[in-house]
Amino acid sequence: MGEVFALVDCNNFYVSCERIFRPDLKERPVVVLSNNDGNVVSLSNEAKTLGIPFGAPFFKLAELIAEEGVAVFSSNYTLYGDMSRRVMDTLSSFSPDMEIYSIDEAFLALRGGTDAVTGRGRDIRETVMRWTGIPVSIGIAPTKTLAKLASKVVKKDSSLGGLLNITGHPHLQEILGHLDVEAVWGVGPRYGGMLRSAGFRTVRDLMLAPDHWVRKKMHVTGLRTVMELRGISCLALEDAAPPKKGIVCSRSFGRPVSSLEELQEAVASYAARGAEKLRGQGSAASFLTVFIATNRFVPEDPQYSNGVTVPLPVPSSYTPLMIRTALQLLERIYRPGFRYKKAGVMFSGIVPQWDRQLDLFRPVRESERQQRLMRVMDGVNRGMGRDTLYFASQGVTRAWGMRRAYLSRRYTTRWNELPVVRAI
DNA sequence: TCTGGGGTCCTAGGACCC
DNA sequence: TCTGGGGTCCTAGGACCC
């Protein structure tokens, strides 16, 4: 009885999104690459079976991919973002208490007896599949940490049929005794190694570890994790996403960039994108940082990286101000004669838009005029697609842009990229 | 040729203040 | 002989997540 947590996790999410519109890839190995076609960030089960590890650099896999006929896609975040919204909309019809944890995961609070909750979980799986075409795994437990763990078990064991409810499970300790301690949410490689060398190998070992020792070695967050493993809920559902405390926009370039002009276009674009994100969450930033870096994977190239931060005259989200300031900072750190690989813009000191201090030397009317201009621009870009309106300093050709050689179409968000079905 | 892009939280230590 | 004590703020660094 009482309240339990269900973690709903989309299986191989990016790959699943691509497969919806390519049913021919159903049983085939498929991978999706990171920005710039850099690393593998999503794999179908068939691709995992081939031994391709998560995060593998794409250029090292070329041979294997050709031999095994692996289908390859560049990241298509427009598509994944839209599919994510559809999945989350579906989930929200099952519980008023829901936390969207990432693009492909959500926690739901469910109430009722164990069997009823399990049945509800099955219903959720089938509905998400029917309405969106995305397969999900569901873990149900009295705490969020145990729910995450249960969903991991589900993915490893196909006999469970995509769902495991460990609420009051008679063999819980036994199950935990078979899981590596690194399977726990909050235990990464460092803590994993530390725990192992101290003799805590399985999740069960960690669950039974002495409190004072855990507190000393893994701080309060670690102790919370252990309590959660014991079934004592310490992490509540966070229904309203709090505004972000820092916003970063950075990209690696599709090729090395040396000229100040190209860096200026890139930095102006990131500044504009960051300002858009700020406005999207109703915030203004007090500080702006610009950084640039050469490619550290090419040690024979001369290396240089630098960044600089300045306070803004007044917390702001006004794109022209951000672009102007970012370009001034770029000129301060730019050095000719290097092959730059990456640049970025960071916003910090984030405050709500409405209680920001007004600039003493600027009439209120002007600030209102700026906000109106940004609202119009955001509205157009939301309705007609990103970058319908942009500033000249962001550049037109963007020759420095990402490599995306294997991009699928934006099937669900562009009229001219809709999937076409032919009945022969 | 070629190695992603975001975020969060916690702690320790230094600066500064009274 | 021997150099207060308590509080706050900020930053850097470490750990983790997807």
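In what follows, every chain begins at residue 1, and chains take the letters A, B, ... in the order their sequences are listed.
Taking the P atom of each, B/dT3 and C/dC18 are spaced 25 Å apart, rounded to whole Å.
Between the A/Ser316 side chain and the A/Tyr318 main chain, a donor and an acceptor come within less than 3.5 Å of each other.
Both key distances under 3.5 Å define a Watson-Crick or G-U pair, and stretches of 3 or more such consecutive pairs in DNA chain C run B:5-18 with C:5-18.
Contacts of A/Lys277 with the nucleic acid, taken as non-hydrogen atoms under 4.0 Å apart, involve only primed sugar atoms and P, OP1 or OP2. Contacts of A/Arg404 with the nucleic acid, taken as non-hydrogen atoms under 4.0 Å apart, are absent. In this structure, A/Asp37 reaches neither bases nor backbone, as no heavy-atom distance under 4.0 Å exists between it and the strands shown.
Using modelled atom types and a 3.5 Å distance limit, the side chains of A/Asp157 and A/Ser159 yield a donor-acceptor pair. Side-chain contact, A/Ser137 with A/Asn11: a donor N or O sits under 3.5 Å from an acceptor N or O.
Near-neighbour residues of DNA chain C inside residues 183-199 of chain A, defined by a heavy atom below 4.0 Å, number-ordered: A/Val184, A/Trp185, A/Gly186, A/Val187, A/Gly188, A/Pro189, A/Arg190, A/Tyr191. Proximity of residues 239-261 of chain A to DNA chain B (heavy atom under 4.0 angstrom from any strand atom) is restricted to A/Lys244, A/Lys245, A/Gly246, A/Ile247, A/Val248, A/Cys249, A/Ser250, A/Arg251, A/Ser252.
The distance between the ring centers of A/Tyr14 and A/Tyr77 falls below 6.0 angstrom.
Mapping heavy-atom proximity under 4.0 Å, the span of DNA chain C touched by chain A runs 5' to 3' from C/dA15 to C/dC18.
Screening residues 137-154 of chain A for salt bridge (charged side-chain N to carboxylate O under 4.0 Å, His left out), with sequence neighbours left out, gives A/Glu99-A/Lys144, A/Glu105-A/Lys148. Every pair tested for salt bridge (charged side-chain N to carboxylate O under 4.0 Å, His left out) that includes a residue from residues 289-298 of chain A fails, sequence neighbours excluded, so the list is empty.
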